[in-house]
Amino acid sequence: MNFRTRSISHRSALVILPTLNTWPLIDPYRQQYDPSFDRWPPHINLLWPFFDLADCEEDQENILLPLRLLLCQYESFSAEIDEIDSFVENKTIYMKLNQHSENQVKQLQAQLVKLFPQCSKNNRHTYNPHMTIGQFENEENFKDAKSSLILNESFQFPVHHVYILQRPHDNDAEPFHIAYQLPLGSVLPPIDSKQLHSVDARLQEFFQIMNLYEAEQSYQRKQEKFNKLASCFELMFNNDTLHCFTHSFLPYGSFRIGINGQDVDTVFILNEIKCENNVATTFDEALLELKHDPTGLNNHIIDLLETQINGTMKNEIAHYRKIQALFPIISIVFHDQTKVEIFVQIKTIQEQSKVQTCQDDFDGEESIHGVHDIERLLIHVYSPPIFQHFLTFIRAWAQKVGLYGQVYGYLSGYSWAILCAYICHKFLAPLKSLSSIEEFSIEEFFSLVQQFFSTFAHFNWSANALRLYPKSYKQKTLAGRSLAHNRGSMRIISPSPPFNNTGRSTINSTRDLISEGFERVVQLLTTINTITSEDKWNALKQILELPHEFPSEKVKSILRLTFSSENGQELDEWIGWTKSRLGHFLNDCEEECHLSIQTQNSIEYRSNNIEGFYGIGFQLDPQSLNRNRKFFDCLKKFLDQFNLCPNRTDSMKISQDVISAHDWKLERTQPKPQRLRK
């Protein structure tokens with residue numbers, strides 16, 4: 001890592017903070033005996049002094065991202081204070097952790113020192129984790145307090161996060177404030193109404209009433225499937241079978257950040273490492289023979305994973321399919337309707353060298369598909385629990401009004417997450433105190449939501465790109481080489497190299513629909529009172545109750561696509577193929593035919609999931625659309641793609657017709673069993 005000129009400062013510290021509910025057990029001692037009571041919150045130092053952080057991309061890449069990736073390796077734990085002790089040499093009295101808690105904190109601190117040796121080079125003492133409650137200059141006062149202070153009863157607090165505290169340079173009277181809250185563990189705990197020490201209870205009540213929290217059973221099913229898959233892969237890929245490769249199986253996406261999503265997105269990484277020929281196993285040798293044939297190696301790994309999955313979980317699987325994309329994908333649907341997608345990423349030594357050369361002066365390792373993208377957001381938002389609630393709300397709104405879904409020309413979950421991270425970073429700082437996080441109110445949440453819609457309703461999407469930080473030199477260099485950076489009518493730039501546009505599937509029509517969606521909420525908020533807490537509760541509720549207007553008033557005709565097959569597995573294969581080709585058709589309709597489009601953002605399933613319907617709206621009337629030669633040339637090219645589907649069977653059929661928007665709406669007033677799927 002290249003820290004360049006970043007200084008180490010006594011005005012910055014990496015600490016553990018006890019939860020607010022324990023402060024009444026701590027503060028009476030500190031208020032009486034600790035002269036730093038008004039300057040520091042109760043805390044346990046991990047590293048002090050620490051880096052004097054500035055709000056810049058360099059600090060996020062070189063300090064915060066490596067720190068968060070280290071914290072991913074340590075799960076949350078419970079810390080217990082069981083006695084009061086003292087340091088005689090510096091006349092300090094402190095609350096002491098029990099032995100188990102002390103060992104856990106020491107293990108974490110030792111790894112932090114390895115990561116940031118600069119922050120401990122002046123520390124000649126053995127690390128002894130403690131929470132200071134008294135500091136004395138007078139020996140007699142120290143002895144009197146030492147003999148009289150006792151802890152009446154032990155207490156515990158959860159350690160879900162570590163915190164970076166900072167003080168301003170220009171004001172010695174200013175207390176330390178929270179600069180960053182960084183979670184422990186690779187997967188954030190799911191937000192729910194029972195979660196303590198996250199946000200205010202009233203805000204949790206709102207989320208519960210509006211059904212925004214994921215059901216505990218749903219989350220447990222996802223966790224169970226992920227753990228089972230990890231275990232079955234470990235049986236084949238482990239230290240005994242492989243010496244020249246390492247493997248990881250990691251979650252990303254909504255599951256990683258603890259919010260309710262349809263799928264469990266995962267990535268299986270096989271990473272070649274340097275090893276001597278005489279230590280290679282038979283398995284190593286088989287993989288090494290294939291490493292110069294990337295396609296062959298990918299297919300071999302996919303086949304091995306498939307064998308492992310079938311061998312251990314076959315009876316739980318409804319169906320699965322293999323998808324060839326940028327990375328190979330295995331898509332699994334279990335009988336309980338849990339869906340898991342496994343991306344496969346293989347990194348040979350040769351490939352790692354190519355990537356590093358391509359990234360020029362990027363100071364970091366090659367990104368893991370999906371994982372580093374999420375972690376860069378978590379270090380940007382100041383407070384992950386607030387971000388989790390905020391993103392959950394915005395996603396729910398976008399899904400409800402039909403503006404969610406990359407394959408349909410709208411924004412992906414990751415794009416919405418970047419937009420939420422941008423707002424959190426801009427309007428949450430500074431958090432100041434732990435109470436500003438644990439007691440984050442519904443009024444403050446409403447303000448954040450209001451800023452979101454106001455900011456992006458007035459953002460010039462046709463001219464500007466949205467970035468978490470201003471474009472740096474390396475962004476200019478790498479993005480210039482990436483076609484994916486310039487595709488798309490909304491440019492929402494990923495914070496991870498090579499800084500692709502995450503909104504690359506948007507076209508002018510869907511961009512305008514999204515902008516209109518933002519403006520629609522802004523207009524709604526101008527028509528209702530938002531003075532009291534109850535007003536703001538109702539305003540948030542009304543935002544989530546806005547209807548999905550498909551087709552909109554401007555749409556005059558609908559291209560209706562009908563898919564059919566013998567069974568649900570075939571239909572999913574058919575729909576998947578459709579989604580992979582839809583973007584090109586939408587682009588052709590807009591660019592070559594100059595048509596304005598509104599796409600449906602879900603598939604309608606009927607007849608026990610062996611028939612599906614999908615609609616694309618146009619502002620031309622049916623007669624004019626049917627006479628548009630360019631449109632039918634584009635439609636023919638789109639339909640011809642279905643003949644190329646490698647897994648197509650005779651029962652997999654597609655048909656199309658153009659109907660009026662009125663007839664489309666009339667059909668949906670008839671009672672027909674149907675189910676929407678994203």
Side-chain angles (χ1 to χ4, degrees), residues 225 262-265 299 302-303 305-306 309-310 313-325 328-343 402 404-409 505 550 558-586 588-589 599-617 632 634-659 663-664 667-668 670-678:
K225 300 301 185 294
Q262 280 200 319
D263 307 338
V264 180
D265 294 319
N299 291 337
I302 287 282
D303 290 341
L305 295 178
E306 186 177 355
I309 294 167
N310 277 328
M313 305 179 73
K314 184 176 182 179
N315 294 334
E316 300 178 49
I317 296 173
H319 55 83
Y320 66 85
R321 61 192 180 99
K322 293 181 284 188
I323 305 168
Q324 288 299 322
I329 304 170
I330 300 175
S331 179
I332 308 171
V333 178
F334 292 89
H335 287 303
D336 62 10
Q337 297 305 305
T338 303
K339 184 177 179 181
V340 178
E341 290 201 340
I342 306 170
F343 282 70
Y404 189 98
Q406 181 172 309
V407 295
Y408 305 113
S505 295
F550 181 87
I558 306 280
L559 170 66
R560 179 175 56 184
L561 301 174
T562 304
F563 312 94
S564 59
S565 65
E566 277 190 351
N567 55 62
Q569 182 171 353
E570 283 189 354
L571 187 60
D572 272 358
E573 178 82 33
W574 208 212
I575 297 298
W577 184 260
T578 304
K579 290 178 179 179
S580 69
R581 268 60 188 165
L582 184 60
H584 292 291
F585 175 59
L586 298 178
D588 289 347
C589 286
T599 60
Q600 203 175 12
N601 79 322
S602 58
I603 306 290
E604 296 179 15
Y605 285 77
R606 298 179 189 168
S607 305
N608 294 322
N609 290 336
I610 61 171
E611 190 175 36
F613 295 86
Y614 180 68
I616 303 172
F632 271 92
C634 292
L635 179 59
K636 182 179 184 303
K637 185 167 68 171
F638 172 57
L639 295 175
D640 286 345
Q641 291 292 309
F642 289 83
N643 296 322
L644 303 177
C645 179
N647 298 320
R648 183 174 183 177
T649 66
D650 291 341
S651 63
M652 295 164 65
K653 303 182 185 301
I654 181 172
S655 62
Q656 83 287 336
D657 59 349
V658 175
I659 63 174
D663 288 344
W664 173 276
E667 280 186 356
R668 271 135 196 84
Q670 307 301 318
K672 291 182 180 180
Q674 64 184 44
R675 183 165 61 89
L676 293 181
R677 191 183 295 181
K678 302 300 180 188

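Within the 4.5 Å cutoff, no side-chain heavy atoms of Leu559 are placed close to those of Phe638.
To the nearest 0.5 Å, atoms CZ (Arg560) and CD (Gln600) are separated by 11.5 Å. Going from atom NE2 of His584 over to atom CD of Gln641 covers 8.0 Å, rounded to the nearest 0.5 Å. Here the straight-line distance linking atom CG of Asn643 with atom CD1 of Ile654 works out to 10.0 Å at 0.5 Å rounding. The structure places NZ of Lys322 at 7.5 Å from CG of Asn299, a figure rounded to the nearest 0.5 Å. Interatomic distance, CG of Asn567 versus CE of Met652, reported as 9.0 Å (0.5 Å rounding). To the nearest 0.5 angstrom, Met313 atom CE is 10.5 Å from Asn315 atom CG.
None of Leu582, Ile558, Leu635 except one satisfies the side chain to side chain contact (heavy atoms under 4.5 Å, CB included) rule with Ile616; the exception is Leu582. Among the candidates Ile330, Ile329, Ile323, the single residue satisfying the side chain to side chain contact (heavy atoms under 4.5 Å, CB included) test with Phe343 is Ile329.
The aromatic ring centroids of Tyr614 and Phe563 lie 6.0 Å or more from each other. Aromatic rings from Tyr408 and Tyr404 are positioned such that their centres are separated by 6.0 Å or more.
Looking at residues two or more places apart in sequence or on another chain, you find no ring pair (Phe, Tyr, Trp, His ring centres under 6.0 Å) involving Phe334. For Phe550, the ring pair (Phe, Tyr, Trp, His ring centres under 6.0 Å) partners are Trp664, not counting sequence neighbours.
Closest of all the heavy-atom pairs between Asp572 and His319 is OD2-CE1, 3.0 Å. Closest approach of Ile309 and Ile342 over heavy atoms only: CD1-CD1, 4.1 Å. Between Lys339 and Ser331, the shortest heavy-atom distance links the atoms CE-OG, 3.4 Å. Taking both residues in full, the closest heavy atoms of Ser651 and Glu570 are given as OG-OE1, 2.5 Å, listed atom of the first, atom of the second, then distance. Taking each heavy atom of Lys314 and Asn310 in turn, the nearest pair found is CB-O, 3.0 Å. Summarising the geometry of Glu316 relative to Lys225, their closest heavy-atom pair is OE1-CE, 3.9 Å, with the distance given to 0.1 Å.
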Test log, rule side chain to side chain donor-acceptor pair (under 3.5 Å), inputs Glu566 and Thr649: CA-CA 9 Å; Glu566 277 190 351; Thr649 66; over 6 Å; no
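Panel note: side chain Asp263, backbone Asp265; no donor-acceptor pair is recorded below 3.5 Å. A donor-acceptor contact shorter than 3.5 Å is absent between the side chain of Trp574 and the backbone of Phe642. In terms of modelled atom types and a separation under 3.5 Å, the side chain of Glu604 and the main chain of Phe613 share no donor-acceptor contact.
Pairs of residues two or more places apart, or lying in two chains, that qualify as salt bridge (Lys or Arg N to Asp or Glu O under 4.0 Å) and include a residue from residues 634-645 are Asp588-Lys637, Lys636-Asp640.
No more than 12 heavy atoms of other residues, nucleotides or ligands sit less than 6.0 Å from atom CG of Asp650.
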